[in-house]
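Only one structure is covered here, and it is reproduced in the block below.
Indexing begins at 1, ligand by ligand and atom by atom, following the structure's order. Note that the numbering runs from 1 along the sequence shown for the chain.
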Amino acid sequence: MFYTIYEFLKMSETILIIGACGQIGTELTQKLRSVYGNNSIIASDIREGNEDMMHSGPFEIIDATDRETIIKVIEKYKITQVYLMAAMLSATAEKYPQKAWELNMNSLLIVLDLAKEKLIKQVYWPSSIAAFGPTSPKVNTPQQTVMEPTTVYGISKIAGEHWCNYYHQKFGVDVRSIRYPGIISWKTKPGGGTTDYAVDIYFKAIEEGKYECFLEEDTRLPMMYMEDAVNATIQIMQADEKEVKTRTSYNLAAMSFTPKEIASEIKKHIPNFEISYKSDFRQAIANSWPQVIDDSQARKDWNWQHKFDLESMTNEMLINIKKQQEGVLPSM
Ligand code: SER
């Protein structure tokens, strides 16, 4: 009997997503359910998710720092892979440094240990452009370069990357990671990040025709549309083990823009749209990050390709938010 690759994957993997109700987790869960089958994807979070999440497949309440509950769920469903998506993002982490460190680090160390003990076979953990700092090259930031982050979130990401690499080198743990840029989606709102403005701006453009931006007009940051981010995540997890040569985390890029540039793209659709600027503490965070990322290593090693640029993303965002508001699509 012959199986297609997807049929084979569906039979062989049972996946736990920790932090499934967050910005990326929500859409990743739905995509994984469509690829592997609903019952093979166990969503979990500290709180219940939206209707879609709760009714499309199994769901468990898990605190990402609670090792015992994680083990119970892994044993209950015979989990083979864990996607650890729970984290405190950059802006919130500056307000709660200790809590951010505990959540971002302890959850990772628990999951890496479970992989070391062979309870699971494969781990996905996201890093971020925040792992870089003010001394890293700002343009075409290389895969390997000076990394001296100055934010709590960035410190947790660079430390996490090295823990991933350590567990891989020392114990053979198959852990894979991507340094996400700012992620933009109309389905799920981000919470507590510095790149969140690039989501809010679309909603405010449609709802109010104006937006006050918390970053200055020329602040260039790397960004990506959610569909590309979710596809990249599944792609690196499905890649042949030999192809995944970097075990800290891969640079990943699609586009870079400033608030002024995204505003003028929106103006092509909503000519009266107005943007104003009032920067806050998030400006310093953004200033410490790269502007344009060099992701040639990911493109070479596991054939990463992005689909969306600023123009096509803006089209999708505005069309879908309008549909949400007309009640044609479910709102956030
Ligand atoms: N989007 C994240 C943040 O702004 C960066 O990884 O915190």
> Can you list, by chain and residue number, every protein residue with a non-hydrogen atom closer than 4.0 Å to ligand 1?
Replying inline: Leu89, Ser90, Ser128, Tyr153, Gly193, Thr194, Thr195, Trp289
> Taking the six-membered ring of Trp125 as reference, does the NZ or CZ atom of Lys157 fall below 6.0 Å from its centre and within a 45° cone about the axis?
Replying inline: yes
> Is there a side chain to side chain contact (heavy atoms under 4.5 Å, CB included) between Lys121 and Gln81 once you walk through the steps?
Replying inline: CA-CA 6 Å; Lys121 286 192 310 194; Gln81 298 185 349; 5.7 Å; no
>> According to ring-ring contact (aromatic ring centres under 6.0 Å, His included), who are the partners of Tyr250, at least two apart in sequence or on a separate chain?
In response: Trp302
>> Given Leu28, which partner from the list Met85, Arg33, Gln23, Met226 fulfils the side chain to side chain contact (heavy atoms under 4.5 Å, CB included) test?
In response: Met85
>> Which label fits Trp289 and Tyr153: parallel for a plane angle under 30°, tilted from 30 to 60°, or perpendicular past 60°?
In response: tilted
>> Hydrophobic clusters here meaning ILVMFWY residues chained together by side-chain heavy-atom distances under 4.5 Å, can you tell me if Tyr36 and Ile120 are in one?
In response: no
